[in-house]
Amino acid sequence: MLQNEIKTGFIELGKFLGQFSENEATKNQSVLNNDLFFKDFKDLISLSQSHNGWYTPDNVYFSIQSWAKALKKDNLDHWLSVYDFSNFEKKQKTVGLILAGNIPLVGFHDFLTVLISGHKVLVKTSSNDQMLLPFLANYLISINKDFKNRITFVEGKLENFDAVIATGSNNTARYFEYYFKDKPTIIRKNRNSIAVLDGSESKEQMIALGEDIFRYFGLGCRNVSKIFVPKNYNFDLFFNGMFPYQDVIKYEKYANNYDYNKAVFLMSNFNLLDNEFLIIKEDTSFASPISSVFYEFYEDLSDLKNRLKAESDQIQCIVSKNLIENSIDFGQTQQPNLWDYADNVDTLKFLQEI
C-alpha cells in the first residue's frame, strides 16, 4: 500500500465516525459502506457500558468525535509534513502494540501511527476495551482490502514482531522492559496531568478545568489529578467551576469510588475539602484516586517550574493560564492533536528508525 492509500482510508474512517454524536447519530449517504457498518456501530456504542462500566455513551461519543475531528486531510498532512517517508515501503516491520483500556480508543493513536508509517500492526487489546478498535479496523479493511494484510489482533502473547509499543502501570512496565529487552521498544508508564493556578483565572476557565478533571471520570493520563495553588488560595472559585459536573455522582461506579476514598481519607484523619462529589486533599503525590484531586501550595513560581522540570517524567501535560512554558489551555487535555505524542516521545520518528 502507498502511504496516500493508507491516509485515504483513515480520512474515510474519520468521515464515518463523524456521523456519531451524543445528541444523535445521523446517517450521511456519502459515507462509504454505511449499509454494512452504521447500525452495528451505533449498537456497539450503546453496548459499550455493558463491556466496561466506565465506558458511558457520553464518553464513548466524546472519544469518537475527537477522532472524527482529528482524521481530516489537513490534520494528517500537517502531522506528516515534517517527516521523510522516502523509505516508506523498504523497511516494513511488524510492530506489536499492547494497549491500555482505561479510556475508549486510548490506543488508537499508536494503531494509526504504525500503519501510517508503513509497518504492519500486531495488536493485543486490553480486556477492558476489546470491541471498538477491532470494529474500526474492519471498517478500514472494507475501504481497502490491503489493510487486511497489515492488521492482526491477537489474544495470547505477542509473537513474530520486530518492535513493541506497550502501555501499562509502573509495575507492568518493568515486566515489559525485561521481556522485550532485545527489541526496540516504547514502554509507557504511569503519568498524570496537573494544573497550575494563580488565583486570577476566570470562572469560565475553572469550568473548563472541570472538563480536564472529570472527562472519562478522571481515568486518563491526560486528566488533571493535581493542582498547584499559591499560598492563601481561595478555593471558592475552583469549587464554583466544578459545580456543573455534579451529575457525575449519579454514576454508580464513580459514586462507589467517592464513598470509599472519602472514608479512607477520613479514617486517616486527613484534612479534606469536599463538595459531595469531589474531594480535594493536600498531598505531594501527582496521582490522586478517582473522585479526588490533590493540591499543593507553592510560594515561588520559579521554584515550582524547576520542580516540575525535574519531575517531568511523572507528568503527561500541564494546564495553566500561560504560567508554565508549553502548558495547554483549560479544557483541552483530552483533545490532543495528532502531533501531541504521549510522554513527549515521537512515536512516528521511533517507527521510522526501527
Trainee: With no hydrogens and no angle check, just 3.5 Å: does a side-chain donor-acceptor pair link Asn192 and Gln316?
Mentor: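 On atom types as modelled, these side chains do not qualify, holding no pair under 3.5 Å.
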Trainee: What's the shortest heavy-atom distance between Ala100 and Thr167, and which atoms?
Mentor: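 So the minimum-distance heavy-atom pair works out to CB-CG2, 4.0 Å.
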Trainee: Take a 6.0 Å sphere around CZ of Phe297 and say whether it holds more than 12 heavy atoms from other residues, nucleotides or ligands.
Mentor: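 Above 12, so yes.
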Trainee: Do we get Lys181 above Tyr178's six-membered ring, with its NZ or CZ under 6.0 Å from the centre and within 45° of the axis?
Mentor: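 Satisfied, under 6.0 Å and within 45°.
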Trainee: With no hydrogens and no angle check, just 3.5 Å: does a side-chain donor-acceptor pair link Ser169 and Thr172?
Mentor: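 Per modelled atom types, Ser169 and Thr172 side chains form a pair under 3.5 Å.
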Trainee: Is it the case that Tyr83 and Asp346 place a side-chain donor and acceptor less than 3.5 Å from each other?
Mentor: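 A pair is found: one side chain offers a donor N or O, the other an acceptor, under 3.5 Å apart.
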Trainee: Please give me the minimum heavy-atom distance between His51 and Leu44, naming the atom from each residue.
Mentor: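 For His51 versus Leu44, the nearest heavy atoms are CE1-CD1, 4.1 Å.
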Trainee: Test side-chain hydrogen bond (donor to acceptor under 3.5 Å, both in side chains) on Tyr245 and Asn275 and set out the steps.
Mentor: CA-CA 11 Å; Tyr245 303 90; Asn275 64 358; over 6 Å; no
Trainee: Verify whether the ring centers belonging to Tyr295 and Phe238 lie closer than 6.0 Å.
Mentor: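 No, they do not, as the ring centres are separated by 6.0 Å or more.
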Trainee: Working note: Arg307 + Glu296, criterion side-chain contact (heavy atoms from CB on, under 4.5 Å); need CA distance, chi angles, decisive distance, verdict.
Mentor: CA-CA 13 Å; Arg307 176 186 164 187; Glu296 193 172 341; 2.6 Å; yes
Trainee: If we only count heavy atoms from C-beta on, is the Lys183 to Leu158 side-chain gap below 4.5 Å?
Mentor: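 Side chain of Lys183 against side chain of Leu158, heavy atoms only: no contact under 4.5 Å found.
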Trainee: Is there a side-chain contact between Leu105 and Leu136 (heavy atoms, below 4.5 Å)?
Mentor: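 Yes, their side chains come closer than 4.5 Å.
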Trainee: Tell me, with the steps shown, if Leu80 and Leu338 meet side-chain contact (heavy atoms from CB on, under 4.5 Å).
Mentor: CA-CA 9 Å; Leu80 300 174; Leu338 293 172; over 6 Å; no
Trainee: Output, in order, the C-alpha distance, side-chain angles, deciding distance and verdict of side-chain contact (heavy atoms from CB on, under 4.5 Å) for His78 and Asp74.
Mentor: CA-CA 6 Å; His78 178 75; Asp74 288 349; over 6 Å; no
Trainee: Would Glu12 and Lys15 pass as an ion pair if we require N to O under 4.0 Å?
Mentor: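 The answer is yes: the pair qualifies as a salt bridge.
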Trainee: If you define the side chain from C-beta out and look only at heavy atoms, does anything of Arg191 sit under 4.5 Å from Asp343?
Mentor: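 Yes, side chains in contact.
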Trainee: Can you check whether Ile354 reaches Val95 side chain to side chain, under 4.5 Å on heavy atoms?
Mentor: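 Ile354 vs Val95: side chains touch.
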Trainee: Can you name the salt bridge (Lys or Arg N to Asp or Glu O under 4.0 Å) partners of Lys281, sequence neighbours left out?
Mentor: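 For Lys281 the salt bridge (Lys or Arg N to Asp or Glu O under 4.0 Å) partners, ignoring immediate neighbours, are Asp283.
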Trainee: Among Phe147, Phe41, Phe37, whose ring-ring contact (aromatic ring centres under 6.0 Å, His included) with Tyr139 holds?
Mentor: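 It is Phe37, the one option of Phe147, Phe41, Phe37 that forms the ring-ring contact (aromatic ring centres under 6.0 Å, His included) with Tyr139.
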Trainee: Would you say Val345 ends up clustered with Phe180 if hydrophobic residues are merged whenever their side chains have heavy atoms under 4.5 Å apart, either directly or through other cluster members?
Mentor: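 Looking at the clustering, Val345 is in a separate group from Phe180.
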Trainee: Has the side chain of Asp300 got a donor or acceptor atom that lies under 3.5 Å from a matching backbone atom of Asp303?
Mentor: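 Between the backbone of Asp303 and the side chain of Asp300 there is a qualifying donor-acceptor contact (under 3.5 Å).
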Trainee: Would you say the side-chain atoms of His119 pair up with the backbone N or O of Leu351, donor to acceptor, closer than 3.5 Å?
Mentor: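 Judged by distance alone, yes, a pair lies under 3.5 Å.
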Trainee: Heavy atoms only: give me the nearest Asn144-Glu5 pair and the separation to one decimal.
Mentor: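 In terms of heavy atoms, the two residues are closest at ND2-CB, 4.1 Å.
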Trainee: With a 3.5 Å distance limit and no angle check, can you tell me whether Asn170 reaches the backbone of Asn190 through a side-chain donor-acceptor pair?
Mentor: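 It does hold such a pair.
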Trainee: Looking at Ser225, is its backbone amide N or carbonyl O close enough to the side chain of Ser288 to form a donor-acceptor pair, meaning the two atoms are under 3.5 Å apart?
Mentor: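 Yes, because the side chain of Ser288 sits within donor-acceptor range (under 3.5 Å) of the backbone of Ser225.
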Trainee: Taking atom NZ of Lys120 as the centre, report whether more than 12 heavy atoms of other residues, nucleotides or ligands fall under 6.0 Å from it.
Mentor: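 For Lys120, atom NZ is not crowded (no more than 12 foreign heavy atoms under 6.0 Å).
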Trainee: Could you report the tightest heavy-atom contact between Asp212 and Asn223, atom names first, then the distance?
Mentor: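 Shortest heavy-atom separation between Asp212 and Asn223 comes out as O-ND2, 2.9 Å.
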Trainee: For Phe270, is there any backbone N or O sitting under 3.5 Å from a side-chain donor or acceptor partner on Ser268?
Mentor: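 Judged by distance alone, no pair lies under 3.5 Å.
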Trainee: Please indicate whether Tyr260 has more than 12 foreign heavy atoms, meaning atoms of other residues, nucleotides or ligands, lying under 6.0 Å from its OH.
Mentor: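 12 or below, so no.
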Trainee: Using a 3.5 Å distance criterion without hydrogens, assess whether the side chain of Ser193 forms a donor-acceptor pair with backbone atoms of Cys221.
Mentor: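 Judged by distance alone, yes, a pair lies under 3.5 Å.
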Trainee: May I ask you to check whether over 12 heavy atoms, not counting those of Asn232, lie within 6.0 Å of atom CG?
Mentor: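 Open: at most 12 neighbouring heavy atoms sit under 6.0 Å from CG of Asn232.
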Trainee: Which atom pair, heavy atoms only, marks the closest approach of Phe277 to Met242?
Mentor: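 For Phe277 versus Met242, the nearest heavy atoms are CZ-O, 3.3 Å.
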Trainee: Is any side-chain heavy atom of Glu311 closer than 4.5 Å to one of Phe286?
Mentor: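 The answer is yes, as the side chains (C-beta and beyond) meet within the 4.5 Å cut-off.
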Trainee: Would you name the heavy atoms of Arg150 and Met1 that are closest together and state the gap between them?
Mentor: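 The pair with the smallest heavy-atom distance is NH2-N, 3.1 Å.
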Trainee: Are more than 12 heavy atoms from other residues, nucleotides or ligands located less than 6.0 Å from atom CD of Glu276?
Mentor: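 Yes, CD of Glu276 has more than 12 neighbouring heavy atoms, counting only those of other groups under 6.0 Å.
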Trainee: Determine whether the aromatic ring centres of residues Tyr179 and Tyr175 are separated by less than 6.0 angstrom.
Mentor: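 Between Tyr179 and Tyr175, which both carry aromatic rings, the centre distance is below 6.0 Å.
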Trainee: Determine whether Ile290 and Trp54 satisfy the following criterion, side-chain contact (heavy atoms from CB on, under 4.5 Å), listing intermediate values before the conclusion.
Mentor: CA-CA 12 Å; Ile290 296 170; Trp54 295 111; 3.9 Å; yes
Trainee: Does the structure place the NZ or CZ of Lys253 under 6.0 Å from the centre of the six-membered ring of Phe217, at an angle of no more than 45° from the ring's axis?
Mentor: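 Pair Lys253/Phe217 does not count as cation-pi.
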Trainee: Hydrogens and angles aside, do Thr56 and Asp58 bring a side-chain donor and acceptor to less than 3.5 Å of each other?
Mentor: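 No, no side-chain donor-acceptor contact under 3.5 Å.
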Trainee: Step through the shown structure and confirm whether more than 12 heavy atoms of other residues, nucleotides or ligands are within 6.0 Å of CD on Glu325.
Mentor: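 Counting other residues, nucleotides and ligands, CD of Glu325 stays at 12 neighbours or fewer.
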Trainee: Hey, does Ile280 have a side-chain heavy atom less than 4.5 Å from the side chain of Phe239?
Mentor: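 Yes, at least one pair of side-chain atoms sits under 4.5 Å.
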Trainee: Going hydrophobic residue to hydrophobic residue with side-chain gaps under 4.5 angstrom, can you get from Ile328 over to Leu308?
Mentor: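 As far as the 4.5 Å side-chain criterion goes, Leu308 and Ile328 are not connected within one cluster.
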Trainee: Check whether any side-chain N or O of Lys124 sits under 3.5 Å from a backbone N or O of Gly156 as a donor-acceptor pair, and report yes or no.
Mentor: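 Checking the backbone N and O of Gly156 against the side chain of Lys124, a donor-acceptor pair under 3.5 Å is found.
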Trainee: Consider only side-chain N and O atoms of Ser142 and Asn33, and report whether a donor and an acceptor are under 3.5 Å apart.
Mentor: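 Judged by distance alone, the side chains do pair up.
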Trainee: I'd like to know if the side chain of Thr333 reaches the main chain of Arg222, judged simply by a donor and an acceptor atom lying under 3.5 Å from each other, with no hydrogens or angles considered.
Mentor: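 Present.
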Trainee: Find out whether Trp67 and Leu13 are in side-chain contact, i.e. whether some heavy atom of one side chain is under 4.5 Å from a heavy atom of the other.
Mentor: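 Not in contact.
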Trainee: Would a distance-only check, ignoring hydrogens and angles, find a side-chain to backbone donor-acceptor pair under 3.5 Å from Asn257 to Ser291?
Mentor: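 Checking the backbone N and O of Ser291 against the side chain of Asn257, no donor-acceptor pair under 3.5 Å is found.
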Trainee: Does Asp35 reach the side chain of Lys27, with side-chain heavy atoms less than 4.5 Å apart?
Mentor: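 In contact.
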Trainee: Check side-chain hydrogen bond (donor to acceptor under 3.5 Å, both in side chains) between Asn34 and all other residues, then give those that pass, not counting sequence neighbours.
Mentor: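 side-chain hydrogen bond (donor to acceptor under 3.5 Å, both in side chains) list for Asn34, sorted by chain: Gln19.
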Trainee: Ignoring hydrogens and angles, tell me if any N or O in the side chain of Gln3 forms a donor-acceptor pair with the backbone of Ile116 under 3.5 Å.
Mentor: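 Present.
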